[in-house]
Structure formats: structure tokens, C-alpha cells
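Remember, it's 1-based here, ligands and their atoms both numbered in the order they're listed.
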Amino acid sequence: MALVVAKFGGTSVASPERIQNVAKRLISIKQQGNDVVAVVSAMGKTTDELVGLAAALNEHPSPREMDMLLSTGEQVSMSLLAMAINARGYRAASFTGWQAGIITDDRNGVAKIVEVNAQRVRDKLAAGAICVVAGFQGISESKEITTLGRGGSDTTAVALAWGLNADVCEIYSDVDGVYSADPRVAPRARKLEQVSYDDMLELASAGAGVLQSRAVELARKFHVVIHSRSSFTDAPGTLIKEADPSMEQAVITGIAHDTSEVKITIRDLDDTPGIASQVFSALAGNNVNVDMIIQNTSEDGHTDISFTFPKGDLDRAQDAVRRLIPKIGARDYVLNENIAKVSIVGTGMKSTPGVSARAFGALAENKVNILMISTSPIRLSVVIDADQVDLAVRCLHTTFGLDSDSVYEEKALSAEELAAKAAKGR
Ligand code: ADP
Ligand code: ASP
Ligand code: MG
């Protein structure tokens, strides 16, 4: 008998019919003689709708109240799923994050799991129930409800798989695994059989939303093997695990894109020691999560600095920059909200020269202008105009020989759901 942790994302529990399907799948895992712990996200677009409701009432809601609000989404799906399982004659018990013993630090909205005390879940499993845990939420040591950042149910699943010493951690979503690029952007993307933790972490951090990067980080730390697969088919998905010789030795594993950041350029600031430190200390002090940075060559003792950061940090960034400008002798700043980051990821890059040259060549051929560049040993990222993101992903995918012979086929999503996904990615 194995212990299976199975996580279902928002699309997988978006309607009563889909919750029925999840219930059937869990019961079938149970009938095969396994213990089952499900982790669920909020139904469909619930979390976005709750964010919208909050914004209608308060431009800057407190992080504590946001967590009180957002944590309700997962509680709706957990109880409905337990009821659906009961209706089929099986025992089930739902748990909020705190009931399942998900203990976090106290940073509302971006809390980190520090401990898992899942004894209550174990007891219910021993009594024969299918356990259903609300994803994305926990409780701090001061007994405040916290959330784990968008997409955080993935992290709940990995943490529970570790805390319960599960045999399998399955993450079900609306794609049947991890592809060499988002298949909705690059229809010739290939499903990968296995991906190493290192490659997956770079892909997820660079915007491949199929898994939350924190979940991959946790999985790597505690050696939890993740099976990313579809809730709409039985096809085997992608295993995310320690690198091993059986993994395909391609130079590039995949291409990720991210349209969730914006760019600010501070113009004509003094080029003297200590100025960059002032700029980035002020941004850090205002909780702005800076990603890429580029500084121009200096002319007459003045230079420009550009940096990117998440759209959600824009108010705080502008506030910091406005206050900084007179202090650092800068002329003004320019905001560009229409940017995208495209990243090429692969452990094989380490030992293969010429990857940047090929990537820049392909982008130039397709008239994609590069605004910024950054690298890590296994990643090359460029910032480009957001309108060219699909073109850039596809041409890089082709250039690095990743194209599959077949075209990706949608399995179950409605036209409305696909449109919502496309809008979210923009
Ligand atoms: P869930 O709601 O189940 O957590 P998400 O929407 O968070 O699902 O993640 C699945 C989505 O990730 C897919 O719909 C797909 O468009 C997107 N995606 C981005 N990059 C990739 C990739 N490399 N492989 C597969 N899916 C990807
Ligand atoms: N419901 C949360 C979100 O939409 C968490 C999750 O789905 O993983 O981000
Ligand atoms: Mg997700």
C-alpha cells in the first residue's frame, strides 16, 4: 500500500462536474489499495475574483485581511470535494491549512512553510478516510492565517508529501506535464518525460507557471519526486527529480516566458560610487523585488540605470524612485509596462559554447529587439517588447531543435477558459 498525495489546480475543480471527476479519480486510487491525501486549489478563477472584490473596496488592503479573504477560496473546494466523495459512499475529511498542520512564518501573502505537523491527517487516513487539504494556506506561530503566494497549492502538496513521507506527489493540472515551452504559446512544444530539479527550478522561476518555483525548491531540498500530469487524461506526465544519466542530454531543456514584470529606467543619474547602492536600498526598503538590472556606460559623469520587477510592486517602486530622483541628481524616470522576459534554460548550457550567439541570431532574424540580457550558468534571459513574446518563444524553440512533429491538442478547456488563461499570461 502506498501513500499518494494528489494536488488539483483551479481548472481541475472549476465546476461540480469537474469536482465529480476528481472524486472519481481519488476513489479509484483508494480502490487500488492506497492511502490518499488530496490538496485542492480554489475553484476556477475564484482567487482572482476575490482579489478583484478586495480592490473594489480598498486600494491597499492589509496583507492580513487579504489572507483572511483569499484562504476562503480553497475552503470552498475542499469541502465540496469531500462531499462529492461522501456521496459516492466513501469516507472523506477536509482540512484547512492549520488543521492539516501547515505551519508557516508570518509573512502574509508570501509565507514560507517552516513545519508540517500532519498528525490529524494521519489519524483520518488510519481511519480509512480520503483526506482533502486546502492548498495555498497555513498558520503562523502567532496563529494568523497566511497564504503561500500565487500558485502556492503546489507547495502545500510537496510539503505534505514530505511531512507524511508519501510515496508519490502527483500534481494534476490542465496540461499533461511539463513541456519544452508553454504549449499554448508554442504549439510544437514537446512533453518532457523527466526534468531535473535544477532545470525545473530555473524554468519555474523564469515564468513556466506549470509548477510554483517554491514547490520545486522544496521538492529539491527534501528529495520529493513530483509527477506533473493532467486531470483530464490518464497519460503519464513528467517526473521532476534528481538529475540522472537516463535524462535526455539536450543542451536546452526548455523556453520559459514571463509577462508579469515591468521596467523602470532612471535617467541621467550621477555616476559616482554609492549611487547604485542608494537606488537598490531604497527599492528594497519599499519591498520591491528587483529582477534584472542594467547600467549604461557613463557620459560626462552621468548614466542611466534600468531594472525590472513584478507589476504588483509598481506603486511601491514609483514611490521609492520619485523620492530618490532629487537625491541622486537624476533627470527623471521612464516606465515601460509592455515588456516580456523570455528565458532559455538547460543544464547542458554549462558545457556548450555559442548558445547566446545562436539565440541572439534567431531573435535578430525575426526582428525581435533585445532590451536587456541576464544569464546564470544554466539560463539566458532577454527582455523584449511584450507584443513579440509569442514570436520570440517559437523562434528560439525552433532554433534549439525543440520542435515536436505533432501540434499540441487542447484536451478539455472551454474557449472561455483558454481566453482567460491567455489574458492572465499577458
Ligand atoms: P493549476 O491551476 O492546475 O495550478 P496552472 O495554470 O498554474 O495550473 O499551470 C498550468 C499552466 O501552465 C498551463 O495551462 C500552461 O499554459 C502553463 N505553462 C507554462 N509553461 C508551461 C510548460 N513549460 N509546460 C506546461 N505548461 C506550461
Ligand atoms: N488559488 C491560489 C491561486 O490562484 C493558489 C493556487 O491555485 O495554487 O494562486
Ligand atoms: Mg498552478
Is the shortest distance from a heavy atom of Gly73 to ligand 2 less than 4.0 Å? no
Measure up the Tyr179 and Tyr408 rings against each other and bin them: parallel (under 30°), tilted (30 to 60°), perpendicular (over 60°). perpendicular
Looking only at distance, does Asp154 have an N or O less than 3.5 Å from an N or O of ligand 2? no
Quick look: Arg190 vs ligand 1, heavy-atom contacts under 4.0 Å, and the answer is neither
Asp319 pairs by side chain to side chain donor-acceptor pair (under 3.5 Å) with which of Arg322, Arg323, Arg316? Arg323
Less than 3.5 Å between some nitrogen or oxygen of Ser180 and one of ligand 1, yes or no? no
From the list Thr46, Val40, Val22, side-chain contact (heavy atoms from CB on, under 4.5 Å) partner of Ser77 resolves to Val40
How about NZ on Lys30, more than 12 heavy atoms from neighbouring residues, nucleotides or ligands closer than 6.0 Å, or not? yes
Minimum heavy-atom separation for Met349 to Ile252, with atom names? CG-CD1, 3.7 Å
Just which atoms of ligand 1 are under 4.0 Å from any heavy atom in Tyr179? 22 (C), 23 (N), 24 (N), 25 (C)
Does Gly254 come within less than 4.0 Å of ligand 1, judged by its heavy atoms? no
Give me the one residue out of Ile264, Asp315, Leu283 that meets side-chain contact (heavy atoms from CB on, under 4.5 Å) with Val288. Leu283
Out of Gln137, Arg150, Gln212, Lys45, the nearest non-hydrogen contact to atom 9 (O) of ligand 2 is supplied by Arg150
Check if Gly177 has a non-hydrogen atom at a distance under 4.0 Å from any atom of ligand 1. yes
Contact atoms of ligand 1, heavy-atom distance to Val175 under 4.0 Å: 13 (C), 25 (C), 26 (N)
Within ligand 2, which atoms have a heavy atom of Phe136 less than 4.0 Å away? 2 (C), 5 (C)
Show your working on side chain to side chain donor-acceptor pair (under 3.5 Å) between Asp174 and Thr11 and close with a plain yes or no. CA-CA 7 Å; Asp174 53 37; Thr11 322; 3.0 Å; yes
Is any N or O atom of Ser12, backbone or side chain, closer than 3.5 Å to an N or O atom of ligand 1? no
Parallel, tilted or perpendicular: which one describes the rings of Tyr172 and Phe8, with boundaries at 30° and 60°? parallel
Does Gly151 reach ligand 2, in the sense of a heavy atom lying below 4.0 Å from it? yes
Do any nitrogen or oxygen atoms of Arg184 lie less than 3.5 angstrom from nitrogen or oxygen atoms of ligand 1? yes
Give the single entry among Ala256, Ala215, Gly209 that approaches atom 9 (O) of ligand 1 most closely by any heavy atom. Gly209
Tell me, with the steps shown, if Lys341 and His257 meet side-chain contact (heavy atoms from CB on, under 4.5 Å). CA-CA 6 Å; Lys341 182 169 75 175; His257 70 282; over 6 Å; no
Do any nitrogen or oxygen atoms of Gly149 lie less than 3.5 angstrom from nitrogen or oxygen atoms of ligand 2? no
Need the ligand 1 atom indices (1-based, order shown) with element for anything under 4.0 Å from a heavy-atom of Gly10. 2 (O)
Proximity flag Lys7 to ligand 1, non-hydrogen atoms under 4.0 Å: yes
Nitrogen or oxygen of Asp174 less than 3.5 angstrom from that of ligand 1: yes
Note: ligand 2 atoms sitting under 4.0 Å from heavy atoms of Glu74 are 1 (N), 2 (C), 5 (C)
So, taking the atom named CG in Leu391 and the one named SG in Cys395, what distance separates them when rounded to the nearest 0.5 Å? 5.5 Å
Sorted by chain and number, sequence neighbours left out, side chain to side chain donor-acceptor pair (under 3.5 Å) with Arg214 holds for none
Is there a donor in the side chain of Arg88 and an acceptor in the side chain of Gln20, or the other way round, less than 3.5 Å apart? yes
Gln212 and side chain to side chain donor-acceptor pair (under 3.5 Å): which single residue from Thr155, Asp154, Thr156 fits? Thr155
Hey, is Ser41 one of the residues with a heavy atom under 4.0 angstrom from ligand 1? no
Could you tell me whether Glu141 atom CD has more than 12 heavy atoms of other residues or ligands within 6.0 Å of it? no
The atoms of ligand 1 lying under 4.0 Å from a heavy atom of Val178, numbered in the order shown, are 24 (N)
If you measure every N/O of Asp182 against every N/O of ligand 1, is any gap under 3.5 Å? yes
For Ser41, the ligand 2 atoms whose distance to one of its heavy atoms is below 4.0 Å: 6 (C), 7 (O), 8 (O)
